[in-house]
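Numbering of ligands and ligand atoms starts at 1, following listing order. Hydrogens, waters and symmetry mates are skipped; everything else that's a heavy atom, side chains included, is used.
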Amino acid sequence: MVKVKIVGSYAEYDCTCGNWLEHWTTNSGQFVTWCCEKECTGTHLVGAHVKLFDKLGEADATYIIPLCKRHHNQDDFLEVDEIYKLVEITSGIHCNPKQLASNG
Ligand SMILES: [Zn+2]
Ligand SMILES: [Zn+2]
């Protein structure tokens, strides 16, 4: 299992995939029907922004992983099955979103 924590918001990157779930699917080459949390079978998925639980610093990589809306709102860490790829947000194969400067 991989321990991750939900971070950040969606608006700060110029991803052109349409949404982050699409971004994950395109760049991971994987397709999921269910939430990637280890015991969850939720199907209302979003591409969640997460960091590895032991690498939560500003400078550490942010990844996308599909999670159900319930887990996406979870403030605590969660465990995802390692068969699912964590797609690093700024180093996709098909799309390389850049972090946009905040306009305040
Ligand atoms: Zn994208
Ligand atoms: Zn879930």
Side-chain angles (χ1 to χ4, degrees):
M1 293 299 158
V2 183
K3 232 178 181 181
V4 299
K5 192 170 190 313
I6 307 279
V7 294
S9 72
Y10 284 178
E12 299 165 2
Y13 292 87
D14 62 347
C15 171
T16 54
C17 298
N19 61 55
W20 289 111
L21 183 59
E22 200 61 42
H23 180 86
W24 181 85
T25 303
T26 303
N27 288 290
S28 71
Q30 297 183 316
F31 182 81
V32 290
T33 309
W34 293 286
C35 177
C36 292
E37 198 274 340
K38 60 177 179 178
E39 288 172 343
C40 185
T41 55
T43 55
H44 294 283
L45 302 180
V46 295
H49 290 200
V50 301
K51 282 180 188 273
L52 298 176
F53 187 69
D54 54 357
K55 291 183 178 177
L56 290 172
E58 280 278 312
D60 292 311
T62 302
Y63 301 90
I64 308 295
I65 191 88
L67 292 174
C68 69
K69 288 186 175 162
R70 183 170 67 86
H71 277 115
H72 186 236
N73 289 325
Q74 185 164 315
D75 212 24
D76 206 356
F77 75 87
L78 33 91
E79 289 182 300
V80 298
D81 200 309
E82 63 266 14
I83 64 170
Y84 303 115
K85 273 188 200 162
L86 291 167
V87 171
E88 192 176 341
I89 194 166
T90 55
S91 59
I93 299 163
H94 300 286
C95 166
N96 293 291
K98 292 189 182 51
Q99 191 155 17
L100 301 173
S102 167
N103 291 323

Next on the checklist: Just checking: Cys17, one of its N/O/S atoms, less than 2.8 Å away from the Zn ion (ligand 1), yes or no?
Outcome noted: yes
Checklist entry - From Cys68, does some N, O or S atom reach closer than 2.8 Å to the Zn ion (ligand 2)? => result yes
Checklist entry - Which residue, Ile65, Ile83, Val80, forms the side chain to side chain contact (heavy atoms under 4.5 Å, CB included) with Val2? => result Val80
Checklist entry - Do Gln30 and Trp24 touch side chain to side chain, with heavy atoms closer than 4.5 Å? => result yes
Checklist entry - Does a side-chain heavy-atom distance below 4.5 Å link Asp60 with Leu52? => result no
Next on the checklist: Given 3.5 Å as the limit, does a donor-acceptor pair link the side chain of Lys5 with the main chain of Val50, or not?
Outcome noted: no
Next on the checklist: Checking one value in my table: which N/O/S atom of His23 lies closest to the Zn ion (ligand 1)?
Outcome noted: ND1
Checklist entry - If you check every N/O/S atom of His71, which is the one nearest the Zn ion (ligand 2)? => result ND1
